[in-house]
Amino acid sequence: MFDDRYRKKLDHQRLTGLIRNPLTIGEKNGRFVTVNGRRILNFASNDYLGLAADPSVKQRVAEHFADLGPSSSSSRLVTGNHHAIRDAEMAFAGYFGYEDALFFPSGYQANLAVLSTLFGKGDAVFFDKHVHASSVKGITLSSASFFGYRHNDAGHLERRINAQGPGPKALVTEALFSMDGDTPDILALRTLKEKHRLLCVVDEAHSFGVLGKGGRGMARPLADVAVGTMGKAFGLFGAFVLLPKLYREYLMNFASPLIYTTSLPEAQAKSAADILGMIEGADDRRDRLTELCELFVKKARDLGLTVKGEAQILSVTVGDEQKSLALSRRLFDKGLFVFPARFPTVPLGQAILRISLTALHEKADVLRLAEEIAKSGSGC
Ligand SMILES: Cc1ncc(COP(=O)(O)O)c(C=O)c1O
């Protein structure tokens, strides 16, 4: 009975172009990945600054693991609360300008923990409809009432707030949206925050490290709590939440996804502290990335493509799911890896090619990408 149900649902995914069947990656080498022995130019990496590919980073991380071992071997609340983790948290809090910080094994877990724990019965949580799946899951796991507002539409948000009665209210948004690559109007949201006394949680997974002075992100004027991941611009693994001390203590006591899991390895925390120094000094990488993004957008628009995105995450509008899949396969045949983002990652019928650029790319790469998309798209 179970098997039949699973088969039917998978068949439906196949028919509608929604099936997920990831390629097996052989080797990663800078801006290239190898698939079945073929070298493919990668436009789907979140290593935005190229730090994960940096030999000095690999060397330092290897030394920390050799020194401190591969595992914390305990949850945070038992013996996983190593001083290396606490020191790194304090360094992150100081750098990003928050009172304190709390590390998590992943960004997904961080959003789950923060949103399911900070909000409860009687609270109203307003969220941008394009926030990440982990935020949606976190909100729905809390016992708060929740209300989606149209993507980046502060007017719609205010109407939704006004439709609710008195009681605690919170806002959840991203600072650089993971699929659309756009940013909210932080000042408009801040005005609403002050007017309606909103508690604001901002996911800066894609903006920390890349946007703002020294990669400090976009949302400090708005956020009470900010979530960052180390799996993207930081070139590592794990996540950090920046927050007031009171909230940290509350999460330590009540956040099930934090309490009942093995904490990050100490070596990972040491690596994170090292990386923070590199993030600060990465202006040249950030400038290069900005230049590449501008070059791609200009070229793609000159070729008649509809491109969205304000930074290193860019999308080419496709619409139909099957078409986006066919398009990405054609690009793959030409040696270009571009991810076709489809429902439920993006709304149904609004499939895109999601392009992420990194400081590792060359100008010739992004020009070629725009040309090949324009050529491949015409015959789909
Ligand atoms: C906006 C956003 N938040 C959170 C996450 C989860 O981060 P992690 O990969 O560290 O679990 C992602 C990852 O894709 C993301 O795009």
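Each ligand, and each atom within it, is numbered from 1 in the order the structure gives. Computed from a predicted model, the values in this text were never measured in an experiment. Hydrogens, waters and symmetry mates are skipped; everything else that's a heavy atom, side chains included, is used.
- The heavy atom nearest to atom 15 (C) of ligand 1, out of those in His130, His132, Glu204, Met179, is found in His132.
- A donor atom on one side chain and an acceptor atom on the other are found under 3.5 Å apart for His151 and Asp182.
- Contact between Met230 and ligand 1 is absent, with no heavy atom of the residue lying under 4.0 Å from the ligand.
- Closest approach of Asp180 and His130 over heavy atoms only: OD1-ND1, 2.9 Å.
- Scanning both residues, Pro105 and Phe237, for their nearest heavy atoms gives O-CE2, 3.1 Å.
- At a heavy-atom cutoff of 4.0 Å, ligand 1 is contacted by no atom of Val227, backbone or side chain.
- The CG atom of Leu242 sits 8.0 Å away from the CZ atom of Arg220 when rounded to the nearest 0.5 Å.
- Asp47 and Ser45 are not linked by any side-chain donor-acceptor pair at a separation below 3.5 angstrom, with hydrogens and angles left out of the test.
- Of all protein heavy atoms, the one lying nearest to atom 13 (C) of ligand 1 is Lys232 NZ, 2.8 Å.
- Rounding to the nearest 0.5 Å gives a distance of 6.5 Å between CG of Leu189 and CG of Leu157.
- The shortest N/O to N/O separation between Glu174 and ligand 1 does not fall below 3.5 Å.
- Applying the side-chain contact (heavy atoms from CB on, under 4.5 Å) test to Leu303 and every residue at least two apart in sequence or in another chain returns Lys299, Ala370, Glu371, Ala374.
- In Gln109, neither the side chain nor the backbone holds a heavy atom less than 4.0 Å from any atom of ligand 1.
- With distances taken over non-hydrogen atoms, the option nearest atom 3 (N) of ligand 1 out of Leu236, Asn46, Asp203 is Asp203.
- Among protein heavy atoms, atom 16 (O) of ligand 1 sits closest to His206 NE2, 2.6 Å.
- For atom 7 (O) of ligand 1, the closest non-hydrogen atom on the protein side is Gly107 CA, 3.4 Å.
- Scanning Phe237, Phe234, Phe177, Tyr108 for the heavy atom closest to atom 6 (C) of ligand 1 points to Tyr108.
- When non-hydrogen atoms are compared, ligand 1 lies under 4.0 Å from neither the backbone nor the side chain of Ala239.
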